Amino acid sequence: MVEQGGRHSRVVLVPCSFQGHITPMCQLGTILYSKGFSITVVHTQFNSPNPSNNPEFKFQAIPDGLSDHDISSGNILGTIALLNVNCEVPFKECLAQMVKQQDPGDEIVCVIYDEMMFFSESAANQLKLKSIILRTTSAAACISRLALLRLKAEGYIPLQDPMMQEPVPRLHPYRFKDLPISQLGITENYLQLIINSYNTRTSSAVIWNTMDCLEQSLLAQIQQQYQVPIFPIGPLHKLSPTSSSSLLMVDTNCITWLDRQAPNSVIYVSSGSVASMDKKELVEMAWGLANSKQPFLWVVRPGSVNGSEEIEVLPEGFKEAVGGTGCIVKWAPQKEVLSHDAVGGFWTHCGWNSTLESISEGVPMICRPCFGDQRVNAMYVSRVWRIGLQLENELERGETEKAVRRLMVDKEGEEMRQRTKNFKEEVKLCIGEGGSSYNSMNNFLELIKSI
Ligand code: UDP
């Protein structure tokens with residue numbers, strides 16, 4: 001469906017300024033470009049994407065007003081709240097300028113913005129442009145966030161310790177500990193974020209990086225409450241395999257190391273781009289991995305340990321003890337890693353991209369969520385789809401070793417691997433001709449072509 005004879009309209013994309021949001025937005029851009037649209041990415045100065053990864057796009061930075069302190073605070077929700085205040089006017093000015101200078105035949109057809117960058121919408125409205133929301137988290141996360149509003153009204157929040165294992169009323173199969181909330185309660189920022197990110201305001205549609213084979217009934221439930229169509233078009237990374245948008249330098253040497261390992265023998269360990277742990281946890285994790293005697297590829301990025309930018313966070317004697325059994329990198333080509341024959345398991349924080357990438361390659365998971373929607377995804381992986389196990393207690397080396405062996409060696413792990421491989425086949429059907437994501441994508445393209 002690549003358009004012949006040049007491009008005829010432009011789509012403006014507004015990603016949220018974190019890796020897990022920039023990636024799916026750039027993937028969407030790559031897909032739309034392949035269908036004949038020109039792409040402009042409007043982004044903050046903070047975490048600005050590298051234009052050389054997508055030379056076919058135009059990139060336009062807007063001032064975000066974040067101070068060094070805001071950036072280093074690690075308060076993601078606070079940062080997103082600030083961006084929504086600070087970027088509204090610069091985005092309006094930027095978009096107005098783009099409209100003023102646009103060439104005939106290259107007019108902006110719509111603005112597609114990340115669910116967290118809701119400031120984009122008023123600018124689009126003012127310029128009489130249609131806006132569309134891209135959701136980069138799971139449908140389950142959306143439903144659970146919404147349930148928080150009800151639970152707050154019913155007096156369950158802040159959560160009390162004794163009830164954490166209890167089922168959440170009218171939200172099967174959640175326990176209170178699976179909810180995307182810290183035990184301290186809900187801050188005003190978070191409450192506002194939930195309301196804003198769930199609300200579709202005046203947008204024309206919602207596109208979603210998920211698919212029917214995973215979340216059909218949840219999507220149907222959400223669709224009933226929305227006035228505008230939902231298009232589940234995921235997993236986006238499978239539709240744009242060449243798209244790359246890493247903010248950190250990718251270390252590809254680990255692929256050579258993987259080439260030397262036996263099929264399904266390696267556990268890949270990564271906690272995504274923002275999650276961190278304390279030093280004690282990292283030490284227990286390290287010795288658990290070493291004691292499992294299973295080959296591992298571990299991403300230890302700067303910032304993996306709370307409050308520490310130092311690189312050498314691994315315990316003394318660890319590297320010598322593991323020798324060639326382990327490979328440690330600061331940032332891996334994750335999609336390539338997960339599709340490598342040698343990789344048989346993924347120790348993950350259950351960010352939504354990582355979860356989708358693992359499922360799409362048939363790799364079962366050890367889930368160690370840190371915050372927010374990661375808990376919801378971990379619950380679905382371990383208890384609903386049964387394609388992983390969740391480490392729920394304090395990290396301790398004996399438990400870590402046991403979990404690695406359960407997934408990589410035991411029959412239980414093999415059964416999870418088989419179930420994940422079944423999902424991999426279902427994902428292929430979803431994105432193949434006539435599949436649900438394929439059809440959704442075509443319907444979505446029809447919609448933007450009709451604007
Ligand atoms: N990723 C990567 N290399 C790494 C670790 C992560 O390329 O070493 C990518 C991963 O493939 C995914 C993204 O970073 O696309 C992380 O997104 P996710 O939603 O899983 O987690 P977040 O970083 O948002 O918590």
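Remember, it's a predicted structure, so these values are computed and weren't measured experimentally. Note that ligands are numbered from 1 as they come in the structure, with each ligand's atoms numbered from 1 the same way.
- Environment of CZ in R201: crowded, with over 12 heavy atoms of neighbouring residues, nucleotides or ligands closer than 6.0 Å.
- Looking only at protein heavy atoms, the nearest one to atom 25 (O) of ligand 1 is H349 NE2, 2.9 Å.
- More than 12 heavy atoms of other residues, nucleotides or ligands lie within 6.0 Å of NZ in K421, so this atom counts as buried by the packing criterion.
- Residue contacts with ligand 1 include S270, since one of its heavy atoms falls under 4.0 Å from the ligand.
- In K177, the NZ atom is crowded: over 12 heavy atoms of neighbouring residues, nucleotides or ligands sit closer than 6.0 Å.
- The nearest protein atom to atom 24 (O) of ligand 1, hydrogens excluded, is given as G20 CA, 3.4 Å; this is a heavy-atom distance.
- Closest protein heavy atom to atom 16 (C) of ligand 1: S354 OG, 4.2 Å.
- Geometric assessment of R135 against the ring of W208 yields a positive cation-pi assignment under the 6.0 Å and 45° thresholds.
- Checked by atom type and distance alone, the side chain of S358 pairs as donor or acceptor with a backbone atom of V363 at under 3.5 Å.
- A donor-acceptor pair is defined here as one N or O able to donate and one able to accept, closer than 3.5 Å; such a pair exists between the side chain of E215 and the backbone of A140.
- Contact atoms of ligand 1 toward G272: 23 (O) (distance under 4.0 Å to a heavy atom of the residue).
- Classification of the F444-F231 ring pair by plane angle, with boundaries at 30° and 60°, yields tilted.
- For the ligand labelled ligand 1, residue H21 lies outside the 4.0 Å heavy-atom shell.
- Distance from atom 9 (C) of ligand 1 to its nearest protein heavy atom, with residue and atom name: W331 CZ2, 3.9 Å.
- The backbone N or O of N422 lies less than 3.5 Å from no partner atom in the side chain of E425, so there is not a single donor-acceptor pair.
- Here's the thing with S273: one of its N/O atoms is less than 3.5 angstrom from an N/O atom of ligand 1.
- Under 4.0 angstrom from ligand 1, the non-hydrogen atoms of Y268 all belong to its side chain.
- Within 6.0 Å of CD in E320 there are more than 12 heavy atoms belonging to other residues, nucleotides or ligands.
- Closest protein heavy atom to atom 7 (O) of ligand 1: A332 O, 3.3 Å.
- When the side-chain contact (heavy atoms from CB on, under 4.5 Å) test is applied to A403, the partners found at least two apart in sequence or on another chain are I366, L389, L391.
- At the top of the distance list for atom 11 (O) of ligand 1, counting protein heavy atoms only, stands E357 OE1, 2.6 Å.
- Residue contacts with ligand 1 for N353 involve both N, CA, C or O and side-chain atoms from C-beta outward (heavy atoms, distance under 4.0 Å).
- Within the 4.0 Å heavy-atom shell around ligand 1 one does not find F18.
- Checked against a 3.5 angstrom limit, the closest N/O atoms of T23 and ligand 1 fall outside it.
- Listed for the R383 side chain is a donor-acceptor partner under 3.5 Å among the backbone atoms of P173.
- Heavy-atom separations between W298 and ligand 1 are all 4.0 Å or longer.
- When each atom of ligand 1 is checked for a heavy atom of W352 under 4.0 Å away, the hits are 19 (O).
- Proximity to G351 (heavy-atom distance under 4.0 Å) selects the following atoms of ligand 1: 18 (P), 19 (O), 20 (O), 21 (O).
- For atom 13 (C) of ligand 1, the closest heavy atom belonging to the protein is Q19 CG, 4.2 Å.
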